[in-house]
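Comments concern the structure below.
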2 protein chains.
Amino acid sequence: MSRATMEDVARLAGVSRALVSIVYRDAPGASDATRARVLAAGKELGYRPDHRARLLGRTRTRLLGVTFDVRAPFHGDLVEALYSAAEAAGYDLALSAVAPSRAEPRAVQSLLDYRCEALILLGPQLSPSALSALAESQPVISIGRNVRAAGVDVVRTDDVAGSRLAVEHLLSLGHTSILHIDGGKTPGATERRTGYRKAIRHAGFEAHVQPGGRTEADGADAAKTFLNEPPPVTAVTLFNDRAAMGFLDTIRQSPLEIPADLSVVGYDNTAIAASSHLNLTTVAQNTTALATQTITTAHARLTGTPPTSPVVIPPTLVPRCTTAPPR
Amino acid sequence: MSRATMEDVARLAGVSRALVSIVYRDAPGASDATRARVLAAGKELGYRPDHRARLLGRTRTRLLGVTFDVRAPFHGDLVEALYSAAEAAGYDLALSAVAPSRAEPRAVQSLLDYRCEALILLGPQLSPSALSALAESQPVISIGRNVRAAGVDVVRTDDVAGSRLAVEHLLSLGHTSILHIDGGKTPGATERRTGYRKAIRHAGFEAHVQPGGRTEADGADAAKTFLNEPPPVTAVTLFNDRAAMGFLDTIRQSPLEIPADLSVVGYDNTAIAASSHLNLTTVAQNTTALATQTITTAHARLTGTPPTSPVVIPPTLVPRCTTAPPR
DNA sequence: ATGAAAGCGCTAACAG
DNA sequence: CTGTTAGCGCTTTCAT
């Protein structure tokens, strides 16, 4: 009933356990004939190496720990990209969710107990000092949050440029008064606000920032405030797609037409934003590049090469149907 | 630089490793004095037991593997609930994401390699025979999908009742012609369709089912079809909240007013549906109960008690702002 | 190319 | 109550 062990395979193939180990790691040191025989025996027994034992015995676990917010769609997209990137580089991923009832320190701790070689934190909310402390024991990489903490590597999108893209897109459509609804203290919010301000001023217009947040509810609240006392703007850029969704949802319950009366731009290009119905004009983060660079950075740290940090990935604008020239 | 080991703690505390082990598992067999001394030594060294080694040595790993769709908000809610339930029962969770680029068999396999004691699959899409095969090696619990596969336990919401609740709510508001936009072949779709049909017929009205799906895009597509040739209905029940969101989004771009012209009911009560802006009337699955029962079932299987299966959890209706009496 | 033997860091009988 | 002794299943020198 219990699973086949390496010993079983070795016996069936008539070789030593060491050989079986070599074959299954496809390390050099076994003849093709032996290799085939071992593999055949393994297959017959339905053998699969025990991952726990493997990790224990190995000098390097090649296990990368990832914390993510189980409720953030963008994190879902990133996790998927990380799986591919990690696999391509010969690493394994251990996932640990952050949720309202499961705070970040707890999620991190569980990864540490698994002896992950490095920590990949998606939009971490931990303090810089807490992050630095973690970085003393193993590489720590923050994706999306631009922390300045000793020893912590950062891989992020150039959010200043991203906001600029959004603004420039609107400017090119003819908009001259544009509002930014920000992300509060969410990682990345400062940069996106700054990018907006810079681009607006550079064009010679006035910046208007309204406080917002990162959830659909935050976007909806912002829309209510907006509708209550409509500012004289023809376009809005929001912190992210989630907020944009909430915003749009509420606006559509008003007489305002999107995009005729108001253009709206999101951020992240999450799968939902892309879906045909929303058709949200948004700034795309390059998840593939973020993931690849993250794994590269982790690998560099783990092999002693000093990585370049922060790694800044350029975003792109994805024009869809929520933006148009002002009426 | 490397982490402190049990040996280190033992040395510092002046005891044997076995004692340290006993203390850290808080197993009986150590005096309070020793316990305190060991704990103090451990704390000083920042010792944390190595989870891998722990799993390897133990007869029971108390590790439960969970597969979930990283893109499904409802799965996020469930995962969170599972963490709590598992912890309360002394189990640990290993997460494995299913995504477009990471099919279910792969996700499952990785859990198996970690020698999880049981498999918890959220809305599995695997064939009944594949599930049965898995169940031969360890307990398999399907949450949400009512599979009839030998050895596979099911914990699910009573979806027939859920759909009935939705219909009855609409009937009580005075609606007499109600459309159901279904979930295609998504787990649970059949039950929700059936519940709708039964409730409608029981009330003496005619059932209308339009094909749909489980994503926002599916809901939006359904809305387009709907608007193209508006059927003579005053209310719509959808397969889930995601589809309802897409549907609402598209409907709001038409002259139709929600809920004045059309009432809409979702399903799942995901965090997003609940958020103030959407205010979606929906059928709530009791994630806490689902999670608790799942862990209970797993525990029963693992300890030899034959569990009751399927476990069917009653849903509840959450009336919000997308339903009202017909005009 | 192959095998023997010594860990990896912990748990679990068992003896004292 | 405490310590000794084997493993758990794999990796990894080091001989042969």
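Naming: A, B, ... by sequence-line order, numbering from 1 per chain.
Contacts between residues 10-26 of chain B and DNA chain D, counted as heavy-atom distances below 4.0 Å, involve B:V15, B:S16, B:R17, B:A18, B:L19. Taken residue by residue, residues 45-67 of chain A places heavy atoms nearer than 4.0 Å to DNA chain C at A:L56, A:G57. Annotation: proximity of residues 29-37 of chain A to DNA chain C (heavy atom, distance under 4.0 Å) is found for A:G29, A:A30, A:S31, A:T34, numbered in ascending order.
The closest side-chain donor-acceptor pair between B:S129 and B:S132, if any, does not fall under 3.5 angstrom. Judged purely by distance below 3.5 Å, without hydrogens or angles, the side chains of B:T294 and B:T297 never pair a donor atom with an acceptor atom. Side chains of A:R106 and A:S110: a donor-acceptor N/O pair is absent below 3.5 angstrom, by distance only. Inspection of the B:S21 and B:R17 side chains reveals no N or O donor paired with an N or O acceptor under 3.5 Å. For the residue pair A:Y24/A:R48, the side-chain donor-acceptor check at 3.5 Å is not satisfied.
Axis orientation changes by 30° from one end of the helix from C:dA1-D:dT16 to C:dG16-D:dC1 to the other, with each end axis drawn from 5 pairs and the value rounded to 10°.
Closest non-hydrogen pair, A:H75 versus A:D69, comes out as ND1-N, 2.8 Å. Nearest heavy-atom pair across B:R156 and B:L290 is C-CD2, 3.7 Å.
Panel note: side chain A:Y83, backbone B:V98; no donor-acceptor pair is recorded below 3.5 Å.
A salt bridge links A:D77 with B:R71; the closest basic N to acidic carboxylate O contact falls under 4.0 Å. Here A:R60 pairs with A:E117 in a salt bridge; the nearest charged N to carboxylate O distance falls below 4.0 Å. A salt bridge links A:R115 to B:D50: one of the charged nitrogens lies within less than 4.0 Å of a carboxylate oxygen. Under 4.0 Å is where a charged nitrogen must lie from a carboxylate oxygen, and between A:D26 and A:R35 no such pair does.
If you take CD1 on A:I141 and CG on A:L122, they are separated by 11.0 Å, rounding to the nearest 0.5 Å.
Bracketed by its first and final contacts, the part of DNA chain D lying under 4.0 Å from non-hydrogen atoms of chain B reaches from D:dC1 to D:dG9 in 5' to 3' order.
Between B:H51 and A:Y114, the ring planes are tilted. Angles from 30° to 60° get that label.
Atom OH in A:Y114 sits about 14 Å away from atom P in C:dC10, given to the nearest Å.
Under the salt bridge (charged side-chain N to carboxylate O under 4.0 Å, His left out) criterion, B:R58 pairs with no residue at all, not counting sequence neighbours.
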